[in-house]
> 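Just dropping this structure here.
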Amino acid sequence: MGIQGLLQALKSSGQPINVSEYKNQKVAIDTYGWLHKGCIQCAAELAQGIPTAKYIQFVMHRVNLLRHFKVIPVMVFDGGFLPMKKETEEERRRNREHNVQKAMELLRSGNRSQAEDFFQRAVDVTPLMAHSLMQTLREEGVEFFVAPYEADAQLAYLARTGYVSAVISEDSDLIAYQSPRVLYKMDKFGNGLEIQMVRLPMNKDLNFNHFTPTMILTTCIMAGCDYLPGLPGIALKTAHRLVKQYRSIECILQILLAESKYSFTPQDLVAYASKFQQAMRTFHHHYVYDPTTRTIQNLTPCPDTEGHVEGDWDFLGHRMDTATARSVCEGYANPYTYELYSTEPTADARLYRSHSGRRLSGQDPRESVAAAPLNSVELMGQRKVTSFFSLAAPPAVAPAAPALPQSQATRAEFKAPRPKSPEAGDLALATAPGPCGAKRLISDAADAEPAPAKRKRVRLSRYFAVLQDDTSPGNAEFD
DNA sequence: GTCTAGTCGTCAT
DNA sequence: CGACTAGAC
């Protein structure tokens, strides 16, 4: 569910752009969204276990769109589920099973189109399908990673460290994870709405001027997020107003206790405060995979207190050892079971290969590089696009793309999950009263990391003429 | 104006 | 996943 209403509220500071703006840059893609859309047209086949390559074709079409524009895609997949989200996951699964059953009944009674409808409702992206796509990506020389847990955190990490210039996604959590640039709602022509962190202060409906990263995150969590439902009667607008006025969660909760409009008991708020801290830490210190060192890291490093402070950090999931992480995150092992995949191509991957192999009379697609005509963004308007991409599959000329480890360096002994040693709390959530009038000002100057891809451009929105210095906020530390 | 819970659509012919 | 909306405060 992401942050309810956030994207809608941030529309006014977004800018319509084409993905070709990222020419010669790396861009990370939230692959789940593309896979899910690609599954709809072959929902019936997938539900019945009939091999199909349509979902792979859908994703590869978009990958080739990017490569046509010399944009270098880095595909990111979801990994394991967090314990906190387990409930919703299982409810979704029950729902899907119900829909499949209904579809099968309709199919048996000869009602094909209605059955199709229920198959589409039952669409589910399985690890096997993801694996089939990964095999194809590997074959096509496209870089990809599997996140240890949430893809959102991984995507934000890649963008925040400068490994990529932007993220393509549909998920509002990218804002909570503070990805500096996100392209939302990208269509098959590459057109979408880009939301930049540095532009949030110019937003109309919800004004984030003078908001620190922590305040933005506080707003997001209070509005209701995947890890914590909002307080009754408080959603995005109210959360934003409260954070603007009182800055810290400690103060906000004290105010809410006194506010007669709401009838929160101290017990309510104490319980909420504890869950809030957990959600804050989950966003903040989420496990990610660092492609440069090929190790597990925290999105923002945990405060180092030499392990003195006790605390339950299991909600972050379990920290894989390095060997396991490399296997899982580079796509050689199942992210749930850590079981190594067979190197044998899946039926779907084979099917895709046999289809795509036909496009140039059996030639290796990698040898047909400049076949695609160069066309400008302006031409990409509305039509006559599709013809290009059946041919265009030049391997991304990725100067910085690390060679995908094809070796078995990733083979490893897989250890049983073990909880990570706890560290200090990053946010003291006082349930006891404290000074709340003039709260400390968290310095904004922590954001010093220079953006790797720095460029200037002039852009006009309906409301502003802005000279935009395109800097990424980098990694903000705010513990 | 604000919040909530529910329904619908994502593809592509 | 989000978008959209009817209905309650």
> Using a 4.0 Å heavy-atom cut-off, does K185(A) contact any base of the nucleic acid, only the sugar-phosphate backbone, or nothing at all?
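Touches sugar-phosphate only.
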
> Would you mind reading off the distance between I168(A) atom CD1 and dC1(C) atom P, rounded to a whole angstrom?
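Spelled out: CD1 on I168(A) to P on dC1(C) is 18 Å.
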
> Distance check needed: dC9(C) C1' versus Y262(A) OH, whole Å only.
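Spelled out: OH on Y262(A) to C1' on dC9(C) is 11 Å.
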
> Check for me whether R138(A) meets the cation-pi criterion with Y332(A), that is, NZ or CZ under 6.0 Å from the six-membered ring centre and within 45 degrees of the ring axis.
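Ring-cation test returns yes.
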
> Between dC1(C) atom P and E150(A) atom CD, what is the distance in whole Å?
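Roughly 7 Å, once rounded to whole Å.
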
> Hey, does S169(A) reach any base, or is it just sugar-phosphate, or nothing, if we go heavy atoms under 4.0 Å?
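The answer is nothing, as S169(A) stays clear of every strand by at least 4.0 Å.
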
> Any side-chain N or O of Q8(A) under 4.0 Å from OP1/OP2 of dC4(C)?
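Yes, because at least one side-chain N or O of Q8(A) sits under 4.0 Å from OP1 or OP2 of dC4(C).
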
> Does the plane of the ring in F208(A) sit parallel, tilted or perpendicular to the ring in H240(A)? Use 30° and 60° as the thresholds.
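Answer is perpendicular, since the angle exceeds 60°.
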
> Does P213(A) offer a backbone N or O that forms a donor-acceptor pair with the side chain of Q178(A) under 3.5 Å?
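The answer is yes, because a donor-acceptor pair under 3.5 Å joins these two groups.
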
> What is the separation between atom CG on L155(A) and atom C1' on dC1(C), rounded to the nearest whole Å?
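Checked: the CG to C1' distance equals 14 Å.
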
> Which pair of heavy atoms, one from V27(A) and one from I29(A), lies closest together, and at what distance?
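Distance-wise, the nearest heavy atoms are O-CD1, 3.6 Å.
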
> Does NZ or CZ of R121(A) fall inside the cone over F118(A)'s six-membered ring, less than 6.0 Å from its centre and within 45° of the axis?
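Output yes; distance and angle both within limits.
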
> For a quick check, with a 4.0 angstrom heavy-atom cut-off, what is the B/S/- contact string for nucleotides 4-13 of chain B, read 5' to 3'?
S-----BBS-

> CD of Q4(A) versus C1' of dA3(C): gap in Å, rounded?
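That distance rounds to 13 Å.
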
> Looking only at the side chains, is there a donor atom on one of D171(A) and Y32(A) sitting less than 3.5 Å from an acceptor on the other?
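Note: D171(A) and Y32(A) side chains miss the donor-acceptor criterion.
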
> When you measure from the centre of the six-membered ring of Y163(A), is the NZ or CZ of K26(A) closer than 6.0 Å and no more than 45° off the axis?
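The answer is yes, since K26(A) meets both limits relative to Y163(A).
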
> Take the protein atom CD1 of I195(A) and the nucleotide atom P of dG2(C), then report the distance between them rounded to whole Å.
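Between P of dG2(C) and CD1 of I195(A): 12 Å.
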
> In whole angstrom, give the distance that lies between atom CG of D205(A) and atom P of dG1(B).
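Interatomic distance, CG of D205(A) to P of dG1(B): 10 Å.
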
> Between P on dG2(C) and CG on L174(A), what's the gap in Å once rounded to a whole number?
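After rounding, the reported distance stands at 11 Å.
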
